[in-house]
Amino acid sequence: MRICHLYGNLLNTYGDVGNLMAFEYELKKMGIDFKRNIISIGDDFKANNYDFVFFGGGQDYEQSIVKDDLLKKRDELHKFIENEGLFLAICGGYQLLGKYYYNADGEKIEGLNIFDHYTINQESKNRFTGQIKIQVERFNEICLGFENHGGRTFLSNNQKPFGIVLEGNGNNGEDKTEGFIYKNTIGTYLHGPILARNENLCRKIIKIII
Ligand code: GLN
């Protein structure tokens, strides 16, 4: 299993690297070998070199640092997604897969524009913070996590949410959607880390690619 930790040295809020620790723990139990690389600023990302791409969350500051480099990786990331690679993007990473993100200071950060969702900020620099519980139809699981985001994300009509909010705020605190899913790409606001707190989900996503 070839794992890419996208900007792993920059985007890693609230222990998001724990997703990779949980993922690798499950792989070990299944007897599957793995190799993890950090692909960061200036590094080449090649779609065919990886089975799983993990893109963690970030502070507004780190998101603004990676945004230009990210655009250079757009075509290969798009190819990876269309080829049904397993891609998990959390919070800041999820925001950057969409059209744009207006950060807490009202600055616009252009996203990859691979997906149609967009993210605006909240009134008075408010944040959605706390425990969150969602129903995930694709994997038939109820998942738990922790959210902490200033952004409010809205999906387009042709995007499917990853989950439906049972408790907490999710994408925007209004429409009960949480994250999005397309082929084997998941964007979600759930820190936790989500794969450590939801073992079944972790095993089920590994099974997609083995
Ligand atoms: N900076 C973004 C926000 O506040 C993402 C936060 C995160 O990744 N935890 O919405």
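Counting convention: from 1, in listed order, for ligands and their atoms alike.
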Classify the angle between the aromatic ring planes of Y7 and F55 as parallel (below 30°), tilted (30 to 60°) or perpendicular (above 60°).
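The rings of Y7 and F55 sit tilted, inter-plane angle from 30° to 60°.
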Please state which part of T13 comes within less than 4.0 Å of ligand 1, counting heavy atoms only: side chain, backbone, both or neither.
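Under 4.0 Å from ligand 1, T13 contributes side-chain atoms alone.
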Under 4.0 Å, heavy-atom basis, I'd like to know which part of L11 is in contact with ligand 1: side chain, backbone, both or neither.
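Neither part.
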Per-atom contacts, ligand 1 versus [X] - under 4.0 Å to a heavy atom:
| X | result |
| --- | --- |
| N148 | 6 (C), 9 (N) |
| G57 | 8 (O) |
| H191 | 7 (C), 9 (N) |
| G151 | 3 (C), 10 (O) |
| G92 | 5 (C), 7 (C), 8 (O) |
| Y14 | 9 (N) |

Contact (N/O only, under 3.5 Å) between [X] and ligand 1:
| X | value |
| --- | --- |
| G150 | yes |
| Y189 | no |
| Q95 | yes |
| Q59 | no |

Return yes when atom [atom1] of [X] has more than 12 non-hydrogen atoms of other residues, nucleotides or ligands closer than 6.0 Å, and no otherwise.
| X | atom1 | answer |
| --- | --- | --- |
| K35 | NZ | no |
| Y25 | OH | no |
| E137 | CD | no |

Protein heavy-atom partner closest to [atom] - residue, atom, separation in Å:
| atom | result |
| --- | --- |
| atom 2 (C) of ligand 1 | Q63 OE1, 3.2 Å |
| atom 3 (C) of ligand 1 | Y101 OH, 3.2 Å |
| atom 7 (C) of ligand 1 | C91 SG, 2.8 Å |
| atom 5 (C) of ligand 1 | G58 O, 3.2 Å |

Can I209 be reached from F80 by stepping across I, L, V, M, F, W or Y side chains whose heavy atoms are under 4.5 Å apart?
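Hydrophobic grouping puts F80 apart from I209.
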Among F162, F87, Y94, which one satisfies ring pair (Phe, Tyr, Trp, His ring centres under 6.0 Å) with F180?
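Checked F162, F87, Y94 against F180; only one passes ring pair (Phe, Tyr, Trp, His ring centres under 6.0 Å): Y94.
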Would you mind telling me which of I38, D43, L77, V66 makes a side chain to side chain contact (heavy atoms under 4.5 Å, CB included) with L6?
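That would be L77.
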Face-on cation placement of K204 at F139 ring, 6.0 Å and 45° thresholds:
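Judged by the rule (NZ or CZ under 6.0 Å from the ring centre, within 45° of its axis), K204 is not positioned above F139.
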Under 3.5 Å, is there a donor-acceptor pair linking the side chains of N184 and R138?
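Side chains of N184 and R138: pair found under 3.5 Å.
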Under the criterion side chain to side chain donor-acceptor pair (under 3.5 Å), which of Y189, Y118, Y102, Y100 is the partner of Q95?
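Of the listed options, the one satisfying the test is Y189.
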